[in-house]
Amino acid sequence: MKIEDNIETFNSLLRRRGFIWGPSPEIYGGFAGFYSYGPAGMALKNNILDIFRRECRYFGFGEVECPTIMPSIVWEASGHLERFIDPVIRCNKCKTLYRADKFLQENLPDQVREGLSFKEMEILIEKYNLTCPKCDIPFERIEEYNLMLKTSVGNNTIAYLRPETATTTYLLFNRLNQDARRQYPIKIFQFGKAYRNEISPRQGVLRMRAFDQFELQIFISKELEMNFEEFNEVKNEKLPLLDWKQQEKDDSKINAISLDNAIKNGILKKPAYAYCLFIGYHLTKILGIPEPLIRFRQHSINERAHYADDAWDLEIKTRQFGWVEICGIHDRTDYDLKRHAEYSKQNFEVSMGSDSKIKEVPQVLEIAFGIDRIIYTLLETNFIIDQGRINLKINQRLAPNTVAVFPLVKNKEDIKKLALKIHRELLENRINSFFDAAGSIGKRYRRQDELGTKWCITIDYESLEDNTVTIRERDSMDQKRLNISELANIIKKKQEE
RNA sequence: GCGCGAUUAGUCUAGUGGUUAGGAUCUCGGCCUUCCAAGCCGAUGACCCGGGUUCAAUUCCCGGAUCGCGCACCA
């Protein structure tokens with residue numbers, strides 16, 4: 001088959017090799033916004049999670065897991081019920097949907113103020129006799145479009161599937177505070193599903209209705225935010241920052257700037273928040289996303305979520321979809337804990353400094369990754385076609401198979417037997433080995449290249465004489481001879497590199 | 001959600017109101033093979049779903065699902 005260097009080759013690889021399938025359920029025609037991972041995709045995802053969990057442990061974060069369904073009051077308190085429900089008006093003839101607030105803003109700029117109720121908007125529409133721009137039919141009632149998925153629990157109690165994991169983590173604050181023995185900052189992360197009822201999901205796994213989040217939270221005092229010890233360890237790190245002032249000037253040139261300078265220049269306000277940007281950057285780079293394809297883009301004030309004081313997106317440049325957000329870093333202030341304190345009638349004020357009389361509601365800094373977006377961007381940015389050869393040059397730790405073992409030819413019983421024996425020995429050592437004897441040797445190498453397997457071991461005629469095998473490296477295709485007895489140890493050592 | 005276009009094996013595609021629905025590639029089996037998708041033989045595998053028109057629909061019509069593009073939406 002002629003391999004063309006285009007995005008279609010990549011897209012078909014995702015399906016062909018069992019990374020991502022969908023929309024699911026495919027046999028029933030599919031349901032937009034829902035996808036499944038095949039064995040290769042799931043192995044990759046688990047390998048990413050292993051690394052993320054290991055790094056989180058290194059940075060001092062503990063892990064929690066919360067229910068994905070929560071009662072209405074939680075979402076009232078968090079502000080999602082208010083902010084995630086959009087008022088819309090629908091034309092009775094052409095069925096076109098408009099955002100009611102935006103429509104009014106455009107058509108009656110003088111009459112509209114922030115935060116109009118549904119009723120007030122309806123009155124305005126009636127008073128000024130607003131009609132559909134296409135059909136000239138008068139609009140009638142305002143409907144709501146809810147971005148949260150609603151469900152009912154028990155005896156028709158309304159509940160919602162969480163639109164983010166973060167809120168469910170905050171609900172544990174009392175417990176976490178005890179658990180951490182009131183030592184601040186408290187660092188916690190949660191991995192799990194979140195759900196959003198997207199109006200029209202597109203772009204495959206980049207905008208799903210059910211997706212995985214990996215969110216880190218830091219509960220911290222105002223004083224510690226400004227005087228954050230760990231900042232000193234990372235202050236000389238240079239990050240590609242694009243602040244919103246620069247964006248307003250229509251300048252998208254990315255300047256790598258040290259965090260220290262970013263604070264001094266006022267691009268960033270808080271050292272603790274700067275530290276969060278570093279963690280986001282570190283976790284992205286460690287997976288092997290090429291540096292020139294990474295940038296941080298600051299949200300403008302209008303773009304920010306309802307809870308955010310400052311927000312930067314970590315974006316990856318893709319071939320197919322342009323810059324894609326894979327991580328949002330938000331300064332959520334004390335907004336969430338204050339709201340939950342109010343709605344739950346709990347007291348979340350704690351003393352966080354040396355003076356035990358001074359109490360405050362902790363500030364929250366959040367680093368929120370979309371795992372599915374990481375998987376997509378990681379695969380896309382590591383996919384290359386080199387002289388007609390597909391090579392998925394992902395970090396060897398992430399590859400679904402660590403090594404593959406081949407008999408040079410399959411019709412020589414001795415060679416095949418030895419190959420199987422070596423494959424089993426690697427498995428005994430808990431090395432993720434894959435055995436393949438089908439087709440020519442070259443074809444088997446190419447199959448593994450498509451999956452990103454870093455090393456292929458081939459057993460040939462010489463192996464029968466002197467107990468050596470060849471090991472072939474994915475990117476260079478170079479081969480070396482190794483002794484069978486040292487194989488497992490050498491692979492283990494390479495895995496650590 | 002609106003408008004336009006599309007949907008045929010795992011993947012990429014050809015084509016038709018009555019066809020054994022064609023090809024390429026993949027996959028599997030056999031032969032061969034002393035290292036990078038070689039060759040030969042054989043095999044498996046498809047008309048998105050529902051309804052209508054028709055003697056007959058994968059093909060025409062209507063509805064739905066999904067995908068692509070534009071608009072809207074993306075806290």
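Order of the sequence lines sets the chain letters (A, B, ...), proteins ahead of strands, with each chain counted from 1. Computed from a prediction, not measured in an experiment: that's the story for all the values here.
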So, A/E215 and A/T165: side-chain donor and acceptor under 3.5 Å apart, yes or no?
-> yes

Could you work out the separation of B/C28 and B/A9 based on their C1' atoms and round it to a whole Å?
-> 15 Å

Round to a whole Å and report the spacing from CD1 of A/I199 to P of B/G3.
-> 16 Å

Value in whole Å for how far the C1' atom of B/U11 lies from CG of A/L14 = 12 Å

Can you figure out which of B/C36, B/U27, B/C28 approaches the side chain of A/K443 most closely?
-> B/U27

Check each residue of residues 386-406 of chain A for a non-hydrogen atom within less than 4.0 Å of any atom in RNA chain B, then write out the ones that pass by number, or none.
-> none

Counting a pair only when it is Watson-Crick or G-U and both distances are under 3.5 Å, which runs of at least 3 such pairs involve RNA chain B?
-> B:1-7 with B:65-71, B:10-13 with B:22-25, B:27-31 with B:39-43, B:48-52 with B:60-64

P spacing across the pair B/G63 / B/C2, given as an integer number of angstrom | 12 Å

Report the C-alpha distance between A/K270 and A/D310 in whole Å, list the side-chain angles of each, state the deciding distance to 0.1 Å, and finish with yes or no for salt bridge (Lys or Arg N to Asp or Glu O under 4.0 Å).
-> CA-CA 10 Å; A/K270 303 172 183 175; A/D310 194 5; over 6 Å; no

State, with a plain yes or no, whether a side-chain heavy atom of A/Q190 is found less than 4.5 Å away from one of A/C66.
-> yes

Nearest of B/C28, B/U33, B/C36 to any side-chain atom of A/V409?
-> B/U33

At under 4.0 Å between heavy atoms, what does A/N411 touch on the DNA or RNA strands: base, sugar-phosphate, or nothing?
-> base

Polar side chain donor-acceptor pair, A/T458 to A/D460, under 3.5 angstrom = no

Determine: side-chain N/O of A/K410 to OP1/OP2 of B/G30, distance under 4.0 Å, yes or no.
-> yes

So, for A/F52 and A/F369, is the gap between ring centers shorter than 6.0 Å?
-> yes

Distance, P atom - from B/G50 to B/C31, rounded to whole angstrom = 44 Å

Do the rings of A/Y445 and A/F406 sit parallel, tilted or perpendicular, given the 30° and 60° boundaries?
-> perpendicular

Interatomic distance at P, B/A14 relative to B/A57, whole Å = 25 Å

Donor-acceptor contact present, side-chain A/D414 to main-chain A/K417, <3.5 Å | no

Decide if the gap between the ring center of A/F321 and the ring center of A/Y376 is smaller than 6.0 angstrom.
-> yes

Of the nucleotides B/C28, B/A37, B/U33, which has the atom closest to the A/K412 side chain?
-> B/U33

Worked verdict on A/L81 versus A/M148 for side chain to side chain contact (heavy atoms under 4.5 Å, CB included) | CA-CA 8 Å; A/L81 261 180; A/M148 280 199 291; 3.8 Å; yes

Classify the side chain of A/T470 and the base of B/C35 as holding, or not holding, a donor-acceptor pair under 3.5 Å.
-> yes

B/G30 to B/G23 separation - P atoms, rounded to the nearest Å | 24 Å

Where does the angle between the aromatic ring planes of A/F348 and A/F173 fall among parallel (under 30°), tilted (30 to 60°) and perpendicular (over 60°)?
-> perpendicular

For each nucleotide in nucleotides 63-71 of chain B, reading 5' to 3', give B when a protein heavy atom comes within less than 4.0 Å of its base, S when such contact involves only the sugar-phosphate, and - otherwise.
-> --SSS-BBB

Would you check if the side chain of A/R202 reaches a backbone N or O of A/R207 as a donor-acceptor pair within less than 3.5 Å?
-> no

A/R472, A/K454, A/R17 screened by salt bridge (charged side-chain N to carboxylate O under 4.0 Å, His left out) with A/D449, the one that passes = A/R472

Of the candidate nucleotides B/C12, B/C74, B/A38, which contains the atom at the shortest distance from the side chain of A/E198?
-> B/C74

Roughly how far apart, to the nearest Å, are B/G15 and B/G52 at atom P?
-> 30 Å

Select base, sugar-phosphate, or nothing to describe what A/R83 touches, counting heavy atoms under 4.0 Å on all strands.
-> sugar-phosphate

Side-chain-base donor-acceptor pair under 3.5 Å for A/R207 and B/C73 | yes

Closer than 4.0 Å, any side-chain N/O of A/R17 to the OP1 or OP2 of B/G10?
-> no

Nearest-nucleotide comparison on RNA chain B, the residue closer to the 5′ end among A/L408 and A/R304 | A/L408

Please state the P separation for the pair B/U13 and B/U8 - nearest whole angstrom.
-> 9 Å

Spacing of A/D436 atom CG relative to B/U27 atom C1', expressed in whole Å = 12 Å

Within this structure, what is the CD1-to-P distance between A/I20 and B/U11, rounded to whole angstrom?
-> 15 Å

Which of residues 451-468 of chain A sit near RNA chain B, with a heavy atom under 4.0 Å from it?
-> A/T458, A/D460, A/Y461

Can you name the residues that form a salt bridge (Lys or Arg N to Asp or Glu O under 4.0 Å) with A/E315, not counting sequence neighbours?
-> A/R295, A/R297

Taking only residues two or more places apart in sequence or in another chain, which ones pass salt bridge (Lys or Arg N to Asp or Glu O under 4.0 Å) with A/K393?
-> none

Inter-nucleotide P distance (B/G29, B/C48), Å rounded = 31 Å

Fit a plane to each ring of A/F31 and A/F34, take the angle between them on a 0 to 90° scale, and name the class: parallel (under 30°), tilted (30 to 60°) or perpendicular (over 60°).
-> parallel

Quick one: sort the A/Y170 and A/F219 rings into parallel, tilted or perpendicular, breaks at 30° and 60°.
-> perpendicular

First of A/E8 and A/E303 reached from the 5' end of RNA chain B, by closest nucleotide = A/E8

Whole angstrom value for the distance that separates P of B/C36 from OH of A/Y445 | 8 Å

